Protein chains: 4
Amino acid sequence: MGVDFQPDKPIYQQLIDRLAGEIIRSIRKPGDKLPSVREYAVETGVNANTIQRVYREMEQMEIVQTKRGQGTFVTEENARLVSLREDMKQQYVEAFVKDMRELGFTTTEMIRGLEEYHDEQEDRDD
Amino acid sequence: MGVDFQPDKPIYQQLIDRLAGEIIRSIRKPGDKLPSVREYAVETGVNANTIQRVYREMEQMEIVQTKRGQGTFVTEENARLVSLREDMKQQYVEAFVKDMRELGFTTTEMIRGLEEYHDEQEDRDD
Amino acid sequence: MGVDFQPDKPIYQQLIDRLAGEIIRSIRKPGDKLPSVREYAVETGVNANTIQRVYREMEQMEIVQTKRGQGTFVTEENARLVSLREDMKQQYVEAFVKDMRELGFTTTEMIRGLEEYHDEQEDRDD
Amino acid sequence: MGVDFQPDKPIYQQLIDRLAGEIIRSIRKPGDKLPSVREYAVETGVNANTIQRVYREMEQMEIVQTKRGQGTFVTEENARLVSLREDMKQQYVEAFVKDMRELGFTTTEMIRGLEEYHDEQEDRDD
DNA sequence: GTGGTCTAGACCACT
DNA sequence: GTGGTCTAGACCACG
């Protein structure tokens, strides 16, 4: 049971997260070419405009780079990529803590919550 | 730091979270009367319709109960309230973990992130 | 499970129905004195104004009669009481059928629904 | 006839019932797109906010699903739709029986009432 | 163009 | 005075 809640994140955000995750995990490496907007749109079953936005925002974050007429590439600037990982962690942690505190949870409870959730799932690799 | 940033949650959601937090923390106890729609609207500086929605949704979640012509009250059914706390923790933790994993973080890193963030802030009591 | 829905009827309506039912079933007979407004308010745990309204509306329906300084009585006029039973049945049936049809149910299904519901409950006397 | 009479249900409820009826009767099938909020507002002559509410509540009931920027659709999850029909019947029957019993009617009388009411109307096909 | 949020303000039903 | 419904109309986020 439970209530329900927590509306889905916007698709473009989900895709940014996914791509960022792949870059962070080195599934996509500096200099790699990303799929073309159309390709990726088809691959993900999403409107091309949405992919456009994904690439545009990632470019603003400087984690990808568009080369005229050639496509979009994972940025070569390695420093940016390193900080990216920490930046994103920071951001998500902050938002989470802010929400949880508003609900009256202590940091200790949050950590315990993570541990419990983690333990409830066997096949995890970390 | 980063570029990206999370847009604010809708006001009515923020208020639900705030009230839920107050109930969870026993600042508002079972049977307590909540401020009237109009009162709370003034108090929070938002429109009465928005408060209406807050109360309506909380009623659907069964954490609040409205008595015709009398007002809105924290539900007496204590079991619901206890599970509420866990439900909400569960929900937020899950969403957080899901996001973080997509970004390639391990549970250990998430916990470390929480601890670091917590340590960076003095005046905390937990 | 299921959804939820069907908000409670207003209290004064519930009380009218209850009293009407008692009169229909001859639990309260023509000429019987009803409890005073205050008495009945205490007995039912309801605001005296609400009881006021109950008696007022029942008077308009001519099923009770107020005698100045003496109280409220079940009407002596027997004809009214006989038709009352049919009137109310008629009214409720109509409303029910109207709702059910809007939802796409046939009369046959409604009847079957009643029968099934009835069968699901042992301790019934009819 | 009587004096009493039931006040209209709120518009948004009527519209929910109507749409639910259409879905139950397969006039609208799983996957079908509902009219846009604004379209349906015009079509029904009510305010767009009211339609919003209709769609929102139907979504909570899981009989409808909204896809960001694309519209609102009859849920594909057929199981939900099947149970919906029974759920709604159940709910309405229960409420009706509860009311009628309070008024002192037996199941047999209720059924007879339905039959009579049905017979009084010619052009019915069921 | 789609749904979603919010406002300001009217009006109603119930207690 | 309490909650509840509805409107008209603005503005935003998403695809």
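Note that the coordinates shown come from a computational prediction; the quantities given were computed from them, not determined experimentally.
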Would you give me the side-chain donor-acceptor pairs under 3.5 Å for residues 25-32 of chain B, sequence neighbours excluded?
residue : atom : partner : partner atom : Å
B:R25   : NH2  : A:E102  : O            : 3.0
B:R28   : NE   : B:E22   : OE1          : 2.7
B:R28   : NH2  : B:E22   : OE1          : 3.3
B:D32   : OD2  : B:K29   : N            : 2.8

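In this view, D:R53 and D:E57 satisfy the salt bridge (charged side-chain N to carboxylate O under 4.0 Å, His left out) rule, not counting sequence neighbours. Residues satisfying the side chain to side chain donor-acceptor pair (under 3.5 Å) test with B:D17, not counting sequence neighbours, are B:K9, B:Y92. Under the rule for a salt bridge (charged side-chain N to carboxylate O under 4.0 Å, His left out), B:K98 has no partner lying at least two apart in sequence or in another chain. In this structure B:K67 satisfies the salt bridge (charged side-chain N to carboxylate O under 4.0 Å, His left out) test with no other residue, sequence neighbours excluded. Looking at residues two or more places apart in sequence or on another chain, you find no ring pair (Phe, Tyr, Trp, His ring centres under 6.0 Å) involving C:Y12.
Where B:R56 and B:Q70 meet DNA chain F, the nucleotide closest to each residue was compared, and B:Q70 sits on the side nearer the 5' end.
The main-chain N or O of C:Y40 is found under 3.5 Å from a side-chain atom of C:T44 such that the two form a donor-acceptor pair.
Side-chain contact between C:Y55 and C:P35: present, with at least one pair of heavy atoms (C-beta onward) separated by less than 4.5 Å. At least one side-chain heavy atom of C:L81 sits less than 4.5 Å from a side-chain heavy atom of C:V74. Using a 4.5 Å heavy-atom cutoff, the side chains of B:F105 and A:R85 are in contact.
On the nucleic acid side, DNA chain F has its first and last nucleotide under 4.0 Å of a heavy atom of chain B at F:dG1 to F:dC6, going 5' to 3'.
Near-neighbour residues of DNA chain E inside residues 27-34 of chain D, defined by a heavy atom below 4.0 Å, are absent. Contact check of residues 43-52 of chain A against DNA chain E (heavy atom, cut-off under 4.0 Å) returns no residues at all.
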Protein and nucleotides 12-14 of chain E: nitrogen or oxygen contacts under 3.5 angstrom:
residue : atom : partner : partner atom : Å
E:dC14  : OP2  : C:Y12   : OH           : 3.3
E:dC14  : OP2  : C:R53   : NH2          : 3.4

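Scanning DNA chain F for stems, defined as runs of 3 or more consecutive Watson-Crick or G-U wobble pairs whose donor-acceptor distances all fall under 3.5 Å, gives the following ranges: E:1-14 with F:1-14.
Nearest heavy atom pair, residue C:V46 against residue C:T50, reads CG1-CB, 3.4 Å. Counting all heavy atoms, side chain and backbone alike, A:A48 lies closest to A:A41 at CA-CB, 3.9 Å. In terms of heavy atoms, C:T75 sits closest to C:E62 at CG2-O, 3.4 Å.
Residue pairs meeting the salt bridge (Lys or Arg N to Asp or Glu O under 4.0 Å) criterion with at least one member in residues 38-48 of chain B: none, sequence neighbours excluded.
A donor atom on one side chain and an acceptor atom on the other are not found under 3.5 Å apart for C:Q65 and C:E59.
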